[in-house]
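Presented below is the structure to which this report refers.
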Amino acid sequence: MRLLILVLLSVLLTSCDAGPAASDSTPGPDRLVRLTDSEIRGLDPQVYSDIASLRVAADQFEGLTRFDGAGRAVAGLARDWTVSDDGRVWRFTLRDGLRFSDSSAITAGVFVAGWRRLNDPATGSPHTALFAAIADVRADGDGVVIVTLNAPFPQIPALLAHPAMAALPLHRTGNAKGDWTAERPLVTSGPYRTREWRLNDRLVMERNPRWHGGRAPIAMVVWKPVDDALAGMRLFLAGDADISGDFPQSRHGWLVAQRPQAVRTGDYLGSYYFTLNTRKPPFDDARVRKGLSMAVDREWIARALLPMGNARAYAIVPPALAGGAAVQPDWADWPLAQRQREARRLITTAGFSPAKPLRFEIRINSSAEHRRMAVALAAMWKPLGVEASILNSEPALHFAAMRRGDFQMARSGWIADLPAPENFLAVHRSDSGEVNYSGHADLVFDALLDTAMATADPSARLAAMRAAEARLLESMPVIPLWYYRSGALVAPRVTGWIDNPGNVHPSAALSLRRGPAIAIGSGTGLKGGQ
């Protein structure tokens, strides 16, 4: 009997050490399960720029402003603000009694410290170029934050809603562990805080009891990484997730026919492209880069591979941010045969021939759709004597290689951090750091972008942005293919989901009603290779 008791005690202690039960990773009456398309890279929003990390950060850290469920920038930790007549000085008045989740006060000095850290080279923030419009952040007492701009920038409320400008618990950097992001529960300023993070499994968030907005509508939010869109769709249809932020485009028609109440699609501020490493052969030659871009049959790709109706792209800035009509190179309207002839001439002029074929590797991250795009490109280039192989790797390795410049051509793209054309262009500046995957360096482009960002008049500013993008396309450090449309699967029990171009859906803007994650009957309805 004594032996049995000891065994039972051992089992109980082991269970306690294992952390929350596995049921924490499935939908529940007051538990929302959301899928991300890759593992979260880190919890510090000033250090990490991947979409998965920033979405989790937006649930946990709030700034002077924040995004609401419709994707609009609204008052956050600031209750209101005023703007100077010249549009360059913004004064934000903080709400009364603001606290971090550890009860420490949130004052204007918190934002000043965060701004200094963001611009400290030691931090290595990939977001520095994004905030180039801001000249200074200072405090006026404990309750007022003054943001001074280099030039008028009407999108400042949206910019300040970025998690990198949120109130961060930098006062915790002196804790025993030396890393505030390692603490559990995480100290936060927004509606939720991390309770548990199991790498490649799940990140579990609970309500922040000291959030100024009160109790978040849902008690627990679980973020789960699924780097394969088909696997995510299957999890959703099996009732193991409430929201899948992506699904294979090839399944769009089936989903609309079979689960119309769950499918959500809309315009999205993002562009899909392949990045070329301009630092080394063969893509240090602009003739090669331009030739390959010219030979791509974007019309066929849009028609055959993009059933959600994505618009073809010859440029980077989406039409909605480019005055309604995207910038295009002169050759965009040429017949495909003419483009292919010119592409062959450019590649031949660059020194490649049947005796010396153009060979390179296309790197993609794990996705059947990325593979289809890479296979299509390789097939389109083959008649030009191009031999392109494909290397597949998981997302973390893929983007780590791109940051190191360890690639030739790689699947990439850009999703807007804020609704402004410069957000798409600034990553291609010569001084933008590791986010400039291609290594593109053109001082003329930098100067044109500087001029655009310093222009106050809206129409003149837009014209200057278009001029900067046109210059970028002459160099062609990337091969644009199409503009994104958002696609998500949302269980009917989730309320508060509003489709918007920014594809912004904060967990605190959502609620749950009674019902299963997805009403599907028995099984998923999928067979074989569907």
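Side chains are part of it too, since the values below use all heavy atoms of this structure and drop only hydrogens, waters and symmetry mates.
Here the CG atom belonging to Leu473 is positioned 12.0 Å from the CZ atom belonging to Arg289, to the nearest 0.5 angstrom. Taking NE2 of His428 as the reference point, atom CG of Leu472 lies at 5.5 Å (rounded to 0.5 Å).
No donor-acceptor pair under 3.5 Å is formed between the side chain of Ser475 and the backbone N or O of Pro477. At distances below 3.5 Å, at least one donor-acceptor pair connects side-chain atoms of Ser125 with backbone N or O atoms of Gln46. Listed for the Ser271 side chain is no donor-acceptor partner under 3.5 Å among the backbone atoms of Tyr483. Between the side chain of Ser53 and the main chain of Ser49, no donor-acceptor pair closer than 3.5 Å is present. Between the side chain of Arg404 and the backbone N or O of Phe399 there is no donor-acceptor pair closer than 3.5 Å. Using a distance-only test at 3.5 Å, with no hydrogens or angles considered, no donor-acceptor pair links the side chain of Ser486 to the main chain of Thr265.
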Step by step, work out the side chain to side chain contact (heavy atoms under 4.5 Å, CB included) result for Met465 and Leu449.
CA-CA 6 Å; Met465 290 290 175; Leu449 186 56; 3.9 Å; yes
Begin with the C-alpha distance, continue with both residues' side-chain angles, and end with the deciding distance and a verdict on side chain to side chain contact (heavy atoms under 4.5 Å, CB included) for Asp442 and Arg471.
CA-CA 9 Å; Asp442 179 3; Arg471 172 71 185 193; 2.7 Å; yes
CA sep, side-chain torsions, deciding dist, call: Gln338, Trp331, side-chain hydrogen bond (donor to acceptor under 3.5 Å, both in side chains):
CA-CA 9 Å; Gln338 181 182 355; Trp331 49 262; over 6 Å; no
I'd like to know whether Val327 forms a side chain to side chain contact (heavy atoms under 4.5 Å, CB included) with Ile316, so could you lay out the CA-CA distance, the side-chain angles of the two residues, the decisive distance to 0.1 Å, and finally the verdict.
CA-CA 8 Å; Val327 175; Ile316 297 171; over 6 Å; no
Taking it one step at a time, do Thr275 and Arg363 satisfy side-chain hydrogen bond (donor to acceptor under 3.5 Å, both in side chains)?
CA-CA 10 Å; Thr275 296; Arg363 176 183 279 273; over 6 Å; no
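Looking at Arg72 and Asp68, a side-chain N of the basic residue comes within less than 4.0 Å of a carboxylate O on the acidic one, giving a salt bridge. Here Asp140 pairs with Arg91 in a salt bridge; the nearest charged N to carboxylate O distance falls below 4.0 Å. Of the charged side-chain nitrogens involved, at least one lies within less than 4.0 Å of a carboxylate oxygen, so that Asp44 and Arg117 count as a salt-bridged pair. Electrostatic pairing of Asp450 and Arg429 counts as a salt bridge here, judged by a charged N lying under 4.0 Å from a carboxylate O.
If you look at Phe283 and Phe360, their ring centroids are closer than 6.0 Å. For His398 and Phe407, the gap between ring centers reaches or exceeds 6.0 Å.
Within the structure, ring-ring contact (aromatic ring centres under 6.0 Å, His included) contacts touching residues 41-79 (residues at least two apart or in different chains) are Phe61-Trp180. Identified under the side-chain hydrogen bond (donor to acceptor under 3.5 Å, both in side chains) test for residues 457-469, with sequence neighbours left out: Glu422-Arg461, Asp457-Ser459.
Between the side chains of Ser430 and Asp446, at least one donor-acceptor pair of N or O atoms lies under 3.5 Å. The closest side-chain donor-acceptor pair between Asp499 and Trp497 falls under 3.5 angstrom. Side-chain contact annotation: Arg34 with Ser507, donor-acceptor N/O pair under 3.5 Å present. Using modelled atom types and a 3.5 Å distance limit, the side chains of Thr194 and Gln60 yield a donor-acceptor pair. Using modelled atom types, one finds no donor on one side chain facing an acceptor on the other under 3.5 Å when comparing Glu342 with Trp334. A donor-acceptor contact closer than 3.5 angstrom is absent between the side chains of Asp120 and Thr123.
For Arg279, the CZ atom is densely surrounded, since the number of other residues' heavy atoms within 6.0 Å is greater than 12. Around CZ of Arg138, the count of heavy atoms belonging to other residues, nucleotides or ligands within 6.0 Å does not exceed 12. Within a 6.0 Å sphere centred on CG of Asp330, heavy atoms belonging to other residues, nucleotides or ligands number 12 at most.
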Could you pull out every donor-acceptor pair under 3.5 Å between side chains of residues 364-372 and any protein atom, sequence neighbours left out?
residue, atom, partner, partner atom, Å
Asn365, OD1, Arg411, NE, 3.2
Asn365, OD1, Arg411, NH2, 3.3
Ser366, OG, Ser393, O, 3.2
Ser367, OG, Glu369, N, 3.2
Ser367, OG, His370, N, 3.4
Glu369, OE2, Gln249, N, 2.2
His370, ND1, Tyr272, OH, 3.1
His370, NE2, Arg411, NE, 3.4

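In this pair, Phe131 and Trp115 present their aromatic rings perpendicular. The plane angle is above 60°, beyond the 30 to 60° band. The aromatic rings of Tyr484 and Trp482 sit perpendicular, their planes meeting at an angle over 60°, well past the 30° parallel limit.
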